[in-house]
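Here the structure comes first, spelled out in structure tokens, and everything after it is commentary.
The sequence lines fix the lettering, A, B, ..., with proteins before strands; numbering per chain opens at 1. In this text, all values refer to a predicted model and were calculated from it rather than measured experimentally.
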Amino acid sequence: MYSEKVLDHFSNPRNVGEMADPDATGEFGSSHCGDTIKVFLKVEDGVIQDIKFKTFGCAAAIASSSMMTEMVRGMTIEEALQLTNEMVAEALDGLPPEKMHCSCLAADGLHKAISNYRDGIR
Amino acid sequence: MYSEKVLDHFSNPRNVGEMADPDATGEFGSSHCGDTIKVFLKVEDGVIQDIKFKTFGCAAAIASSSMMTEMVRGMTIEEALQLTNEMVAEALDGLPPEKMHCSCLAADGLHKAISNYRDGIR
Amino acid sequence: MRRIYLDNNATTAVRPEVLEGMLPFFTEAFGNPSSLHWAGRQASPAIEQARREVAALINAKEEEIVFTSCGSEGDNLALKGTVEALQSRGNHIITTAVEHPAVLDTCRFLEKKGVEVTYLPVDREGLLDLDRLERAITSRTILISVMWANNETGVLFPIREIGALARKHQVRFFTDAVQAAGRVPVDVEEAQVDLLSLSGHKIGAPKGVGILYIRKGNPLAPLIHGGHQERRRRAGTHNVAGIVGLGIACRKAAEELETVPTRVTVLRDRLQNGIVSLIPEIKVNGALGLRLPNTLNLCFAGIEGEALLLRLDMEGIAASSGSACTSGSLGMSHVLEAMQVNPLLGQSSVRFSLGRNTTSEDIDRVLEVLPPSVQKLRDMSPFWKAGSRCCAVCLSQ
Amino acid sequence: MRRIYLDNNATTAVRPEVLEGMLPFFTEAFGNPSSLHWAGRQASPAIEQARREVAALINAKEEEIVFTSCGSEGDNLALKGTVEALQSRGNHIITTAVEHPAVLDTCRFLEKKGVEVTYLPVDREGLLDLDRLERAITSRTILISVMWANNETGVLFPIREIGALARKHQVRFFTDAVQAAGRVPVDVEEAQVDLLSLSGHKIGAPKGVGILYIRKGNPLAPLIHGGHQERRRRAGTHNVAGIVGLGIACRKAAEELETVPTRVTVLRDRLQNGIVSLIPEIKVNGALGLRLPNTLNLCFAGIEGEALLLRLDMEGIAASSGSACTSGSLGMSHVLEAMQVNPLLGQSSVRFSLGRNTTSEDIDRVLEVLPPSVQKLRDMSPFWKAGSRCCAVCLSQ
Ligand SMILES: Cc1ncc(COP(=O)(O)O)c(C=O)c1O
Ligand SMILES: Cc1ncc(COP(=O)(O)O)c(C=O)c1O
């Protein structure tokens with residue numbers, strides 16, 4: 001049911017954890033299934049230097065979170081705002097239809113963190 | 001589903017046929033399934049000397065007819081009037097429940113022939 | 001004793017390649033296809049593969065196939081599910097007097113619940129009057145239910161014409177194709193069928209599995225509520241092995257649809273011609289040119305069908321009298337009755353239904369055994385006199 | 001990789017002796033049991049033999065057993081068949097909030113048709129309040145439907161007491177015994193049950209076969225109308241091989257009812273105690289002393305159940321999150337919700353259901369794999385802090 005890439009990112013998620021001194025954090029919870037992501041950002045000159053996450057959710061949610069962090073590291077925050085859930089799902093070689101909503105978590109959590117960053121919320 | 005005896009009497013029915021000069025005949029048809037028996041009797045001194053039958057019906061009807069003729073040959077007509085369908089079925093080592101009504105044909109046909117005999121109807 | 005099975009309309013043996021394909025799904029790949037783990041993943045792709053194979057046989061889309069447990073379930077689901085789903089639109093069903101009990105009995109049940117049912121008559125050959133069908137359609141008609149092929153006589157109905165009529169009047173069209181699918185070409189697109197039932201055990205799959213085809217856009221209420229299986233159209237853990245078997249059987253049937261029916265027709269016609277020439281005063285039931293390749297239904301004047309069946313059975317020949325479902329009950333079949341067969345003659349009916357394994361030797365043997373068997377029963381029948389008026393009357397009808 | 005199957009409440013492998021007993025009925029003895037000829041006579045005694053074996057397992061009479069295609073069909077037949085048959089007497093059903101979807105979804109359907117349904121709550125341990133049940137009975141109540149054992153938590157309901165209550169108030173009593181029959185003693189006489197459903201694939205028979213027990217004197221309307229099979233209570237050609245398999249599985253289960261549950265209980269308790277001692281902040285769901293021998297349902301604070309399942313699956317361990325039927329859907333199971341489990345905690349539930357083949361080594365391996373798997377997921381969870389208030393709150397509920 002899951003692609004190799006999903007299974008890989010689920011078993012060995014990249015960039016899991018918290019950050020001692022983040023420039024911003026963002027938390028986002030799916031109203032649909034209760035899955036929740038917390039994103040920690042380190043931003044320098046408008047570029048995402050470091051990113052960490054913690055996710056509560058199914059394999060699709062965890063893999064999407066991991067993939068998202070891989071995709072946006074090194075992006076400007078403007079570029080990162082263009083990232084969509086579909087792009088994350090695609091990068092994972094797709095998700096089962098009934099799991100598509102789980103990928104929403106990743107981009108939405110990221111955007112929340114960026115918006116907090118812009119608003120100066122840590 | 002059928003006993004050995006039923007199958008035997010069905011495959012090799014005894015006393016099948018018509019009679020050139022019967023003392024009485026009796027025809028009886030089941031209103032339930034359309035099965036029909038025709039009984040031919042030869043009676044001497046109140047005793048059934050010979051009996052023949054023709055039957056249209058399923059295996060149970062044919063076997064019952066055959067068994068009935070075996071049972072009543074040599075009986076007085078009074079004795080023969082005591083013969084019931086249950087006795088015929090029993091002599092055949094039983095019939096499947098849904099086939100019990102087929103045995104009715106045999107005794108009823110016999111009784112019809114005896115009653116015709118008494119009424120002087122050939 | 002050599003056994004000859006000529007009751008393929010009642011059921012068929014599971015094909016060896018079908019059984020072989022099923023076996024792993026009992027013990028090794030036994031998972032519940034709804035499970036997310038390895039055991040579930042062994043089963044679920046097999047189900048979807050089978051769905052594709054079934055869909056291909058009838059030219060449907062995969063998602064239009066709902067797995068059921070038998071033809072009767074499919075018939076009940078089609079009828080009751082439509083009545084339930086379309087109750088606001090109307091409550092009139094049109095069907096025929098010669099449907100299988102799974103349709104007729106369901107219709108009678110629905111009548112008790114206030115549904116109006118028109119049972120179209122058939123003529124002496126078992127054929128429908130299409131004009132009459134069209135005239136029966138009213139603004140309250142929600143479903144036309146006509147079988148693709150009759151199980152007793154093999155008569156094929158003009159499904160394509162009925163499909164066109166149904167489409168024209170925007171009425172749903174259900175066809176019970178339990179005897180037809182896998183035996184004659186069945187194409188839901190060409191025939192414009194909206195619902196179609198099929199049963200595995202008639203085509204070399206095991207008993208206990210079937211399908212209902214549901215054309216997209218024709219929602220039905222489920223007959224079996226519960227889990228999310230079959231997109232909520234039929235709850236219950238999938239009969240994985242049975243479904244896999246059905247898939248293989250459908251694939252095989254599709255592969256053989258050019259060859260087997262042709263061969264079977266030749267054998268059936270030889271049996272028919274042999275009987276006609278060897279046994280006097282018989283009647284072939286059903287329009288000669290419009291039957292399933294494998295089915296031959298006859299009346300043998302003067303004798304009772306079940307007695308003849310038993311005599312054949314004693315010689316190792318399995319045939320049936322009417323459908324297997326009703327041969328346990330007595331009297332004439334509702335199909336022959338609808339065809340206005342004389343009641344006495346109607347009681348003498350026997351059905352031979354050939355299969356893909358039927359051989360020329362089988363037919364020889366039947367033609368050897370049948371005439372003396374019929375004669376023996378006629379000899380003990382009060383109704384039989386060769387050339388007598390009774391039988392003449394019967395046969396002319 | 002060694003595979004460990006701990007999802008026996010979802011389905012079980014067919015037992016070797018069951019498959020062996022079934023095999024002849026696919027190819028050699030393939031007849032339709034309704035047929036009168038040799039092929040039919042090969043099949044029909046096998047069906048009746050199976051009927052006796054099933055009846056013996058639950059202390060019923062043979063003629064009270066109706067073969068179905070699955071547990072869901074039995075549940076639907078019991079509920080809809082009773083509503084249809086007793087509509088003149090009343091239209092109120094009492095059931096529980098924790099039934100299987102085959103019961104709950106059917107009840108919801110019946111509600112739409114005007115039937116009144118009372119869904120009894122359960123307490124935090126998953127237990128019913130019998131007084132409340134009795135108070136719910138009105139003069140319009142026609143059926144009480146309470147499962148024998150819950151499929152998710154294994155909680156056993158007081159069927160005997162409910163049977164006595166139902167008898168006292170002259171209300172029919174149906175129990176879904178799909179998870180109980182063959183696993184704990186089930187006696188329809190002792191428990192005064194009127195209707196009982198059972199599904200073969202939960203006890204080593206194949207998928208696609210089940211039964212509904214119908215106590216004499218409790219007529220039901222059929223769900224599947226048609227032929228005369230099963231004394232007109234369920235139409236459709238018998239799934240002969242499946243029925244034969246069910247008979248053998250029931251006989252085997254009856255033989256092992258003294259030994260297997262005892263052994264399984266020991267293993268289950270070892271698994272439970274191991275988890276409790278190795279993993280902090282977990283919760284065992286369901287009254288500890290009142291569960292099926294084989295079922296262990298737990299919540300692992302801070303993580304999501306399906307993620308844990310997948311991790312276990314990668315190690316070859318098959319378990320489930322809630323029932324197999326709902327583990328495809330998301331969120332908390334309706335059973336844990338009814339038990340008032342904290343929603344976040346409820347999402348972390350996992351069910352281990354052992355089987356007769358489960359070994360001590362299997363349990364060792366789970367106890368080896370589970371703690372690091374849980375830890376790894378907790379490490380990435382925003383909700384996890386060992387000893388944090390969140391989890392403490394969850395667990396105290
Ligand atoms: C308690 C209960 N009832 C009914 C069912 C449905 O059984 P089946 O899947 O055989 O239809 C199940 C199986 O999931 C069950 O556990
Ligand atoms: C035309 C037709 N419809 C329906 C059925 C019922 O199929 P099943 O016995 O698989 O329920 C049959 C089989 O007897 C049939 O011939």
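Residue contact with chain C, scored on non-hydrogen atoms closer than 4.5 Å, is absent for D/Ala241. In this structure, chain C has no heavy atom under 4.5 Å from any part of D/Met314. Heavy atoms closer than 4.5 Å to chain C are found in the backbone of D/Thr12, but not in its side chain. Heavy-atom distances place the side chain of D/Gln87, and not its backbone, under 4.5 Å from chain C. Proximity to chain C is limited to the backbone of D/Ile317, based on heavy atoms less than 4.5 angstrom apart. Only the side chain of D/Glu84 comes within contact range of chain C, with heavy atoms under 4.5 Å apart. For chain C, no part of D/Pro16 is nearby; none of its heavy atoms comes within less than 4.5 Å. Residue D/Leu19 touches chain C through its side chain alone, counting heavy-atom pairs closer than 4.5 Å. Using a 4.5 Å cut-off between heavy atoms, D/Ala29 makes no contact with chain C at all. At a 4.5 Å heavy-atom cutoff, the contact between D/Asn239 and chain C is made by backbone and side-chain atoms alike. Using a 4.5 Å cut-off between heavy atoms, D/Arg15 makes no contact with chain C at all.
Nearest approach of C/Pro222 to D/Lys80, heavy atoms of both residues: O-NZ, 4.3 Å. C/Gly236 approaches D/Cys70 most closely through the heavy-atom pair CA-SG, 4.0 Å. Between C/Pro219 and C/Ala85, the shortest heavy-atom contact is O-CB, 3.4 Å. Closest approach of C/Val178 and C/Asp176 over heavy atoms only: N-OD1, 3.0 Å. Contact between C/Gly227 and D/Pro101 at its shortest, heavy atoms only, is N-CB, 4.0 Å. Across all non-hydrogen atoms, the minimal contact from C/Asp7 to D/Ser35 is OD2-OG, 3.5 Å.
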**Study point:** Intermediate values then yes/no, side chain to side chain contact (heavy atoms under 4.5 Å, CB included), D/Val103 and D/Phe174
**Key:** CA-CA 11 Å; D/Val103 168; D/Phe174 164 56; 4.2 Å; yes
Practice item. Test D/Val369 against D/Ile4 for side chain to side chain contact (heavy atoms under 4.5 Å, CB included), laying out the working first. Key: CA-CA 12 Å; D/Val369 168; D/Ile4 296 175; over 6 Å; no
**Study point:** Criterion side chain to side chain contact (heavy atoms under 4.5 Å, CB included) on C/Arg351 and C/Asn9, from CA distance to verdict
**Key:** CA-CA 9 Å; C/Arg351 177 187 71 186; C/Asn9 285 12; 3.5 Å; yes
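Your options are D/Arg232, D/Glu28, D/Lys113, D/Met22, and the one with the most heavy-atom pairs under 4.5 Å with chain C is D/Lys113. When the candidates C/Asp75, C/Leu223, C/Thr27, C/Leu23 are compared by the number of heavy-atom contacts under 4.5 Å with chain D, C/Leu223 comes out ahead. Note: C/Asn76 leads C/Asn76, C/Val209, C/Leu77 in heavy-atom pairs under 4.5 Å with chain D. Of the residues considered (D/Gly242, D/Gly208, D/Pro206, D/Ala39), D/Gly208 shows the highest number of contacts with chain C, using heavy-atom pairs under 4.5 Å. By number of non-hydrogen pairs under 4.5 angstrom with chain C, the leading residue of D/Gly210, D/Ala319, D/Gly204, D/Ala318 is D/Ala318. Interface summary for chain C: among D/Gly31, D/Pro33, D/Ser199, D/Ala221, the most heavy-atom pairs under 4.5 angstrom belong to D/Gly31. When C/Arg41, C/His225, C/Lys207 are compared by the number of non-hydrogen pairs under 4.5 Å with chain D, C/His225 comes out ahead.
A 4.5 Å side-chain heavy-atom check between C/Leu246 and C/Leu198 finds at least one atom pair inside the cut-off.
Side chains of D/Ser69 and C/Arg234: a donor-acceptor N/O pair is present below 3.5 angstrom, by distance only. Of the N and O atoms on the side chains of C/Ser321 and C/Glu306, not one donor lies less than 3.5 Å from an acceptor on the other residue. A side-chain donor from one of C/Glu230 and C/His238 sits under 3.5 Å from a side-chain acceptor of the other.
Atom CG of D/Leu370 and atom CG of D/Leu308 lie 6.0 Å apart (nearest 0.5 Å).
For D/Glu20, the CD atom sits in a loose shell: 12 or fewer heavy atoms of surrounding residues, nucleotides or ligands are nearer than 6.0 Å.
Close approach to chain D, defined as a heavy atom under 4.5 Å from one of its heavy atoms, is seen in C/Asp105, C/Thr106, C/Phe109 of residues 105-112 of chain C, taken by number.
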